[in-house]
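Written out below as structure tokens is the structure these notes cover.
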There are 2 protein chains.
Amino acid sequence: MAISRSEQKEKTRRAIIDAAIKQLGVEKSFASLSLREVTREAGIAPTSFYRHFKDMEELGLTLVDECGLTLRQIMRKARKRFKKGGSVIRTSVKTFMEVTETNPNIFRLLFHERSGTTHALRTAVDREIQFFIVELTDYIQNIGYEKEAAFAQAEAMVAVVFNAGAESLEAKLGQRTDVEKRAIQQLRYIAAGAKCLHLTK
Amino acid sequence: MAISRSEQKEKTRRAIIDAAIKQLGVEKSFASLSLREVTREAGIAPTSFYRHFKDMEELGLTLVDECGLTLRQIMRKARKRFKKGGSVIRTSVKTFMEVTETNPNIFRLLFHERSGTTHALRTAVDREIQFFIVELTDYIQNIGYEKEAAFAQAEAMVAVVFNAGAESLEAKLGQRTDVEKRAIQQLRYIAAGAKCLHLTK
DNA sequence: CAATTGAGAATACACGTGTAAGCTGAATTA
DNA sequence: TAATTCAGCTTACACGTGTATTCTCAATTG
């Protein structure tokens, strides 16, 4: 037996998703992506799209899920690395940047749809980012901060890192190390600041 | 004489700009805004649009200019206020949030097109934000930091404040004060952190 | 006053879109 | 083997789009 029907279906589904990701370049946002373009790229007829997704929004949500996976990948990778020693901040930022640049388009989607126009997508993106922040909050709490302070720290750090990530994606290769170094410095400010302010109290 | 021809032209131009801003709500991004929709809202024929703008992109750039004006308005207002005493950080954040909520749609454009799909727009938005950062950098340098450190601080602060601004725009009114308080706290972290790290050296 | 200018409108075109309806043929099932 | 299922295709339609062309007619100019 060559390939079962369900295997083939899964394959096509994957082709649609990959086609969408491929098209999500610098010049193309998800909102401006049309069903026909996606199916053309995936090599199927326009109407066949509906065998896999209710509409473009559903595809969008699936793509955001992919983002979620990638974010978790970052966390795992970073944890693994800094458990073997080295600066936590430096390692985390480097890992984030690395994964970002390996999956540029999926991150473009994340950055763009965060302030996007489709409510469902915005919500989904927000959920993924919140999850990321909460993970970081937990870590910071374990270092000995109270919940509220930890959350503020985590949120600020994520804002800075995401900002750097977006900047890096559009920057030329030469400037990327600068962006990265600055991000590290900025996270250090936040960490040190939180420490200062909470020892004073 | 009722109204001169050039006055009328300026009026129509303004009508187009205002129509565009009006339509840039939560559900409509600039990219998904069509020439015909704008002219319909402005009360002119589609083709008359070209008497004022070469294409939609040129209108977009004009809108970004409006953003620039608003950003400068924030800086002036904040400066005026904290010269009369009070916390610089608190006053600045409050002013930013206030102006953001007074011009929600123009800021939605700013937030969205920052990671947008049209190169010209992205560049323009970036220029405005850079200007904002540089202004802040100057201020921080005057407090006694060296250029590089001041810039890193400024950039981080802007990232945090813009993040809060975007969050606040989509948040319900009840949560906005929380967002604002958190942003203030986060900026304090950054300021304190920079202070700590630079006194240590 | 007569001539020119130019903002705005009307009409028309080609094009890309989402998706409804119905068909085909191979994989699956009984 | 015969019946069923269902991924994918073809065709077709109505609709919104950007914009080229051509017109109108009031403000401006000489």
Side-chain angles (χ1 to χ4, degrees), chain A residues 1-25 27-63 113 116-121, chain B residues 1-25 27-63 109 112-113 116-121:
Chain A
M1 186 205 297
I3 40 168
S4 79
R5 190 135 81 174
S6 58
E7 276 172 336
Q8 176 53 43
K9 179 165 187 184
E10 183 52 31
K11 225 172 180 175
T12 306
R13 185 187 143 93
R14 212 40 244 182
I16 294 176
I17 294 173
D18 290 339
I21 294 178
K22 184 177 174 189
Q23 306 216 346
L24 284 175
E27 306 281 331
K28 204 94 196 152
S29 76
F30 179 76
S32 74
L33 201 60
S34 81
L35 182 150
R36 287 174 109 106
E37 279 177 306
V38 173
T39 52
R40 214 177 296 135
E41 173 76 37
I44 60 169
T47 48
S48 303
F49 178 88
Y50 298 107
R51 301 285 183 201
H52 303 271
F53 302 96
K54 191 174 128 272
D55 49 25
M56 283 298 282
E57 187 175 302
E58 197 170 292
L59 172 59
L61 291 175
T62 306
L63 293 183
E113 294 308 324
T117 203
T118 343
H119 183 258
L121 272 191
Chain B
M1 189 205 296
I3 40 167
S4 80
R5 190 134 82 172
S6 58
E7 276 172 336
Q8 176 54 42
K9 178 165 188 183
E10 183 52 32
K11 225 174 182 174
T12 307
R13 186 187 143 91
R14 212 40 243 182
I16 294 176
I17 294 174
D18 290 339
I21 294 178
K22 184 177 174 188
Q23 306 216 347
L24 283 176
E27 306 281 330
K28 204 93 196 153
S29 76
F30 179 75
S32 73
L33 201 62
S34 81
L35 182 151
R36 287 175 110 105
E37 279 177 307
V38 172
T39 53
R40 216 176 295 134
E41 173 77 38
I44 59 169
T47 46
S48 303
F49 178 89
Y50 298 106
R51 300 285 184 200
H52 302 271
F53 301 97
K54 190 175 131 273
D55 50 24
M56 282 299 282
E57 186 175 302
E58 197 171 291
L59 172 59
L61 291 174
T62 307
L63 294 184
L109 175 76
H112 194 72
E113 294 307 324
T117 203
T118 341
H119 182 257
L121 271 191

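Below, chain A is the first sequence line, B the second, and so on; all start at residue 1. Just so you know, these numbers use all the heavy atoms, side chains as well, and skip hydrogens, waters and symmetry mates.
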When rounded to whole Å, the CD1 to P distance for the pair A:I44 and C:dT24 reads 21 Å
Rounded interatomic separation in angstrom, taking CD from B:E10 and P from C:dG6 = 17 Å
Could you tell me whether the phosphate oxygens of C:dA7, OP1 or OP2, come under 4.0 Å of any side-chain nitrogen or oxygen in B:S48?
-> no
Are a donor atom and an acceptor atom from the side chains of A:S6 and A:E10 found within less than 3.5 Å of each other?
-> no
Between C:dA7 atom C1' and B:Y50 atom OH, what is the distance in whole Å?
-> 16 Å
Check every atom of D:dT19, D:dC9, C:dG8 against the side chain of B:R36 and return the nucleotide holding the closest atom.
-> D:dT19
Distance, rounded to the nearest Å, where B:R14 contributes CZ and C:dG8 contributes C1' = 20 Å
Side-chain contact check for A:L35: nearest option of D:dG18, C:dG8, C:dG18 is C:dG18
B:A45 vs A:R51, nearer the 5' end of DNA chain C by closest nucleotide | B:A45
Whole-Å gap separating C1' (C:dA10) and CZ (B:R40) = 16 Å
Just checking B:E37: base, sugar-phosphate only, or nothing, at a heavy-atom cut-off of under 4.0 Å?
-> sugar-phosphate
To the nearest Å, give me how far apart CZ (B:F49) and P (D:dT17) are.
-> 13 Å
A:D18 side chain to A:I21 backbone, donor-acceptor under 3.5 Å = no
Looking at C:dT28, C:dG18, D:dT28, which one has an atom nearest to any side-chain atom of B:S4?
-> D:dT28
Hey, which of B:E41, B:K28, B:R40 is the one that makes side chain to side chain donor-acceptor pair (under 3.5 Å) with B:Q23?
-> B:E41
Within less than 4.0 Å of OP1 or OP2 of C:dA26, is there a side-chain N or O belonging to A:Q8?
-> no
Worked check of side chain to side chain donor-acceptor pair (under 3.5 Å) between A:E58 and A:T62 | CA-CA 6 Å; A:E58 197 170 292; A:T62 306; 6.0 Å; no
A:T47 side-chain proximity, nearest of D:dT10, D:dG18, C:dG18 = D:dT10
Scanning both residues in full, the closest heavy-atom pair of A:L121 with A:F30 reads CD1-CD2, 3.6 Å
From the candidates C:dA27, D:dC9, D:dA27, the one with an atom nearest any side-chain atom of A:R5 is C:dA27
Heavy-atom nearest nucleotide on DNA chain D taken for B:D55 and for A:K9; more 5' hit belongs to A:K9
Rounding to a whole Å, what distance do you find between A:M56:CE and C:dT19:P?
-> 10 Å
Rounded to whole Å, the CZ-P distance (A:F53 to D:dG8) equals 11 Å
